[in-house]
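Residue numbers begin at 1 in each chain, while the letters A, B, ... track the order of the sequences.
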Amino acid sequence: MTDLKIIFNRLAIAYGPLHWWPAETPFEVAIGAILTQNTNWKNVEMAIANLRGEIALTPEALAELPREKLEQLIYPSGFFRQKAERLQLLVEHLQNRHGNRLENLLSQSLDDARRELLQLKGIGPETADSILLYAGELPSFVVDAYTNRLFGRLGVLQGNESYEQVRALFMTQLPTDPVLFNEYHALIVQHCKCFCRKRPVCAECCLNQDCRYAQGSLDSI
DNA sequence: GGCCAGGACACCA
DNA sequence: TGGTGTCATGGC
């Protein structure tokens with residue numbers, strides 16, 4: 001069993017199952033993925049609640065919103081001008097290429113869908129992978145700041161790896177399973193909210209000072 | 001009042 | 001190719 005599988009098992013026992021992403025439709029996942037860029041999820045929830053209140057959580061409805069109105073609705077998520085543009089560019093793309101259905105974009109092969117998402121302004125690798133995995137249920141591992149922080153501390157990562165290198169590490173060492181990738185990323189985020197941010201070592205977490213992972217070396221495994 | 005949060009992009013050397 | 005500045009709100 002690889003280190004990554006062992007770490008997953010420990011996290012899963014401690015926190016799982018988490019069943020991400022907190023959204024009602026694939027399109028809502030994509031909206032959340034853009035809105036959460038460098039932003040606390042609580043702020044995103046406020047913005048999504050505003051969109052829901054305007055019945056604007058479909059590509060058609062979002063396309064009808066004037067830019068200023070959209071900026072006003074997503075204001076709590078921060079970077080509201082950038083994000084309004086990014087949302088409208090995504091909606092325009094779905095309208096022009098996929099009959100207003102994100103599901104059509106996601107029905108392609110993983111590589112084709114990922115390439116297409118990455119060509120859109122404002123959708124980088126993490127946002128694309130979040131959409132692929134959580135909206136499309138495609139086996140694309142999501143790497144985020146928490147992933148780098150946690151696995152850097154564990155000694156799995158050196159800290160100078162590129163996004164694609166980290167993603168490839170997880171995708172080659174783990175079974176190609178979207179359910180596993182989904183849960184793993186959710187567990188990393190859940191764990192880091194306790195272990196990595198609030199305090200250096202969380203007494204009740206599964207990777208505390210008594211755990212070999214917290215020592216920064218996995219050599220003994 | 002400062003720091004951080006489930007990034008991406010433009011610009012520059 | 002890699003580093004830096006910019007975008008911006010809300011919670012702690």
Engineer: Pick base, sugar-phosphate or nothing for A:Gln82, based on heavy-atom distances below 4.0 Å to the nucleic acid.
Structural biologist: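 If one applies the 4.0 Å heavy-atom cut-off, A:Gln82 turns out to touch a base.
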Engineer: Among residues 43-56 of chain A, which contact DNA chain C at a heavy-atom distance under 4.0 Å?
Structural biologist: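 Contacting residues: A:Asn43, A:Met46.
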Engineer: Do A:Arg67 and A:Glu85 meet the salt-bridge criterion of a basic N to acidic O distance under 4.0 Å?
Structural biologist: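 The answer is no: the pair does not qualify as a salt bridge.
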Engineer: Would you say A:Arg149 reaches B:dA5's phosphate, i.e. side-chain N/O to OP1/OP2 under 4.0 Å?
Structural biologist: yes
Engineer: Which part of the nucleic acid, if any, lies within reach of A:Ile123 when heavy atoms closer than 4.0 Å are counted: base, sugar-phosphate only, or nothing?
Structural biologist: sugar-phosphate
Engineer: With rounding to whole Å, what would you report as the distance between B:dA10 and C:dA8 at their P atoms?
Structural biologist: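 The same atom, P, in both gives a distance of 14 Å.
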Engineer: Going hydrophobic residue to hydrophobic residue with side-chain gaps under 4.5 angstrom, can you get from A:Leu169 over to A:Val166?
Structural biologist: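 Hydrophobic grouping puts A:Leu169 with A:Val166.
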Engineer: Specify whether A:Tyr134 and A:His185 have parallel, tilted or perpendicular ring planes, treating 30° as the upper limit for parallel and 60° as the lower limit for perpendicular.
Structural biologist: tilted
Engineer: Do the side-chain N or O atoms of A:Arg86 get closer than 4.0 angstrom to the phosphate oxygens (OP1, OP2) of B:dA8?
Structural biologist: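 No, A:Arg86 has no side-chain N/O under 4.0 Å of OP1/OP2 on B:dA8.
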Engineer: Do other residues, nucleotides or ligands put more than 12 heavy atoms under 6.0 Å from the CD atom of A:Glu164?
Structural biologist: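 For A:Glu164, atom CD is crowded (more than 12 foreign heavy atoms under 6.0 Å).
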Engineer: So A:Thr127, base contact, sugar-phosphate only, or nothing? Heavy-atom distance under 4.0 Å.
Structural biologist: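 If one applies the 4.0 Å heavy-atom cut-off, A:Thr127 turns out to touch the sugar-phosphate alone, with no base involved.
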Engineer: Nearest to the side chain of A:Pro125 - B:dG7, C:dT9, B:dA8?
Structural biologist: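 Given the options B:dG7, C:dT9, B:dA8, the side chain of A:Pro125 is closest to B:dA8.
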Engineer: Test A:Tyr15 against every option in A:His191, A:Gln190, A:Glu183 by the side-chain hydrogen bond (donor to acceptor under 3.5 Å, both in side chains) rule and name the one that passes.
Structural biologist: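 Of A:His191, A:Gln190, A:Glu183, side-chain hydrogen bond (donor to acceptor under 3.5 Å, both in side chains) with A:Tyr15 is met by A:His191 alone.
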Engineer: Once you round it to whole Å, what is the distance between P of B:dC3 and NZ of A:Lys42?
Structural biologist: 25 Å
Engineer: Verify the cluster assignment for A:Phe79 and A:Leu87: are they in a single hydrophobic cluster under the rule of side-chain heavy atoms below 4.5 Å apart?
Structural biologist: no
Engineer: Between A:Gly122 and A:Trp20, which is nearer to the 5' end of DNA chain B once each is assigned its nearest nucleotide?
Structural biologist: A:Trp20
Engineer: Between B:dA10, C:dC7, B:dA8, which nucleotide has the shortest distance from any of its atoms to the side chain of A:Gln37?
Structural biologist: B:dA8
Engineer: B:dG7, B:dA5, C:dA8: which one has an atom nearest the side-chain heavy atoms of A:Glu126?
Structural biologist: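 Given the options B:dG7, B:dA5, C:dA8, the side chain of A:Glu126 is closest to B:dG7.
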Engineer: A:Phe80 vs A:Tyr75 aromatic rings, parallel, tilted or perpendicular, using cut-offs 30° and 60°?
Structural biologist: tilted
Engineer: Measure from the side chain of A:Tyr75, starting at C-beta and using heavy atoms only, and say which of C:dT9, B:dA5, B:dA10 lies closest.
Structural biologist: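 Minimum distance to the A:Tyr75 side chain belongs to C:dT9.
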Engineer: Checking all strands, does A:Leu120 fall into the base, sugar-phosphate, or nothing category for heavy-atom contacts under 4.0 angstrom?
Structural biologist: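 Sugar-phosphate contact only - A:Leu120 comes under 4.0 Å of backbone atoms but never of a base.
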Engineer: How is A:Phe79 classified with respect to the nucleic acid when contacts are heavy atoms under 4.0 Å: base, sugar-phosphate, or nothing?
Structural biologist: base
Engineer: Does A:Lys83 reach a base, just sugar-phosphate, or nothing at all? Heavy atoms under 4.0 Å.
Structural biologist: nothing
Engineer: Tell me the interatomic distance from A:Lys121, atom NZ, to B:dA10, atom C1', rounded to whole angstroms.
Structural biologist: 9 Å
